[in-house]
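Atoms within each ligand, like the ligands themselves, are counted from 1 in listed order.
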Amino acid sequence: APREVRYVVGVSQCSDDEWREQMNKEIRREALFYPGVKIDIRTAKDNNAQQIADIESLIGEGVDLLIVSPNEADAITPVIEKAYNKGIPVVLVDRKIRSDKYTAYVGADNYEIGRQVGSYIAERLQGKGNLVEVAGLKASTSALERHRGLMDALRETPDIKLIASADAAWLRVPAEKAFGDILSKFPDIDMVFAHNDRMAAGAYDAAVKQHREHDMLFVGIDALAGEGYGVEQVANRQLDATFIYPTGGDKVMEVAMNILQGRDYTRETVLSTALVNKANARIMQMQTAHIGQLDNKIEVLDKQLDTYLMRYSSQRMLLYACIVI
Ligand code: FRU
């Protein structure tokens, strides 16, 4: 093979969805800039036992570094500590564990995002109204922190009442079901905050079924570009707003390679967020489309490089053969 493997990086994702896909793509693309890196990605589909098995198997495989997004903090902490104690560097992404036995963390500040959502809602409702929260998986740190940030921000506006909160496990269909039940119980809802855009879309589906989608505003988190995702939902006014939750796969790989190659690295890398609303959604769509084209070009270049390397090594062999003869 033209490219020899020097480092194996194991990735254990808690979930399998468009947000994870984007991060995985960024990880793979960034790895192209470091010759000799092999990426092995596993996905646990929101199942703790599966994620523990995935990490055990990556440890068994002898990976040089682990990148993990832990599904639920308590459940996944022991296996991460096990890897760390064996001397495998661990980079946590997006969600955290209940221990400081990890090498680095890369992700946005979920508490801060929760606070920003809270201030946005307070402003949008002019300090008064009924709010419903459709939360992510209760035992994942991103959901816990988003909730805490929201509550802290709303402390200053007592007339905004959180009338119901449901755990919809980060998923669209459970969100539709949970919010459908809430709609039936509460005739007066002004604002729905879903911990991600996928659940916001599920909640919206439920509201459409009860012809109530125009009675309330929907706010989400993630702001993924691409058909049907957050930014488009804002552009076509299904969502009132969303907040960018950066996938940051390139940054994750950069930190991982700094660790592997013995360079200085930042232990906690905080990725930033920003509000996406009707004022900037269209611009974001245009810009991300352009970035997407550039990303594809990088991948085309890499494939061409592979072909050239292949050709070069076979020509070299031919040359040796000629010399020997
Ligand atoms: C993706 C996801 C995102 C969410 C994040 C929270 O798997 O559900 O939609 O923002 O995880 O950890």
Side-chain angles (χ1 to χ4, degrees), residues 11-27 41-48 50-51 54 67-77 80 91-98 105-117 133-150 166-176 178 192-204 218-226 228-234 239 241-249 251-252 269-276:
V11 180
S12 165
Q13 291 284 13
C14 48
S15 315
D16 188 11
D17 51 54
E18 59 282 4
W19 191 90
R20 302 285 157 191
E21 250 167 52
Q22 180 168 314
M23 191 203 286
N24 292 343
K25 216 171 158 194
E26 290 160 352
I27 288 175
I41 301 182
R42 311 289 170 93
T43 171
K45 304 204 162 134
D46 310 306
N47 180 320
N48 292 331
Q50 181 61 54
Q51 187 162 37
D54 285 348
I67 294 172
V68 183
S69 184
N71 189 44
E72 291 185 304
D74 290 324
I76 308 303
T77 299
I80 291 181
V91 179
L92 296 178
V93 294
D94 142 62
R95 304 183 191 175
K96 297 178 185 155
I97 52 168
R98 300 265 174 248
Y105 170 81
V106 180
D109 180 340
N110 282 295
Y111 172 79
E112 179 52 30
I113 295 179
R115 275 190 69 94
Q116 289 193 25
V117 171
E133 182 188 34
V134 180
L137 193 63
K138 215 185 299 147
S140 58
T141 58
S142 38
L144 290 165
E145 290 166 5
R146 286 174 194 186
H147 174 74
R148 212 160 41 82
L150 172 80
D167 177 347
W170 302 114
L171 301 169
R172 182 169 183 151
V173 174
E176 181 181 343
V192 185
F193 164 40
H195 283 194
N196 66 12
D197 297 339
R198 202 174 315 113
M199 295 189 294
Y204 188 85
F218 294 82
V219 171
I221 294 177
D222 280 347
L224 278 187
Y229 302 143
V231 178
E232 191 181 285
Q233 288 172 39
V234 173
L239 274 182
T242 179
F243 286 76
I244 297 178
Y245 191 56
T247 43
K251 193 73 207 170
V252 173
T269 302
V270 182
L271 306 174
S272 45
T273 185
L275 168 72
V276 179

Taking the six-membered ring of Phe243 as reference, does the NZ or CZ atom of Arg146 fall below 6.0 Å from its centre and within a 45° cone about the axis?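 Cation-pi check for Arg146 and Phe243: fails.
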Could you work out, for atom 9 (O) of ligand 1, the closest of Asp94, Asp222, Thr247 by heavy-atom distance?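 The residue whose heavy atom sits nearest atom 9 (O) of ligand 1 is Asp222.
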Any side-chain donor paired with an acceptor under 3.5 Å for [X] and [Y]?
X: Asn24; Y: Gln13; value: yes
X: Gln116; Y: Glu112; value: yes
X: Thr43; Y: Asp16; value: no
X: Glu26; Y: Thr247; value: yes
X: Ser69; Y: Asp94; value: yes
X: Trp170; Y: Ser142; value: no

Starting from [atom], what is the nearest protein heavy atom, named by residue and atom, and what distance separates them?
atom: atom 6 (C) of ligand 1; value: Ser142 OG, 3.3 Å
atom: atom 8 (O) of ligand 1; value: Asn196 ND2, 3.4 Å
atom: atom 2 (C) of ligand 1; value: Arg20 NH2, 3.8 Å

Would you say ligand 1 has an N or O under 3.5 Å from any N or O of Tyr245?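 No, Tyr245 has no N/O under 3.5 Å of an N/O on ligand 1.
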Please report whether ligand 1 has a polar contact with Trp19, defined as an N or O pair separated by less than 3.5 Å (distance criterion only).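 Min N/O separation from ligand 1 is not below 3.5 Å for Trp19.
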Ligand 1 contacted by Gln22 (non-hydrogen, < 4.0 Å):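 Checking ligand 1 against Gln22, which is what was asked, there is no heavy-atom contact under 4.0 Å.
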As an exercise, identify every atom of ligand 1 less than 4.0 angstrom from a heavy atom of [X].
X: Asp17; value: 1 (C), 7 (O)
X: Ser15; value: 7 (O)
X: Arg146; value: 4 (C), 6 (C), 10 (O)

What part of Lys96 sits under 4.0 Å from ligand 1 if we count only heavy atoms: the side chain, the backbone, both or neither?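 Under 4.0 Å from ligand 1, Lys96 contributes no heavy atoms.
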Asp197 versus Tyr229: any side-chain heavy-atom pair under 4.5 Å?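 No; the side chains remain at least 4.5 Å from each other.
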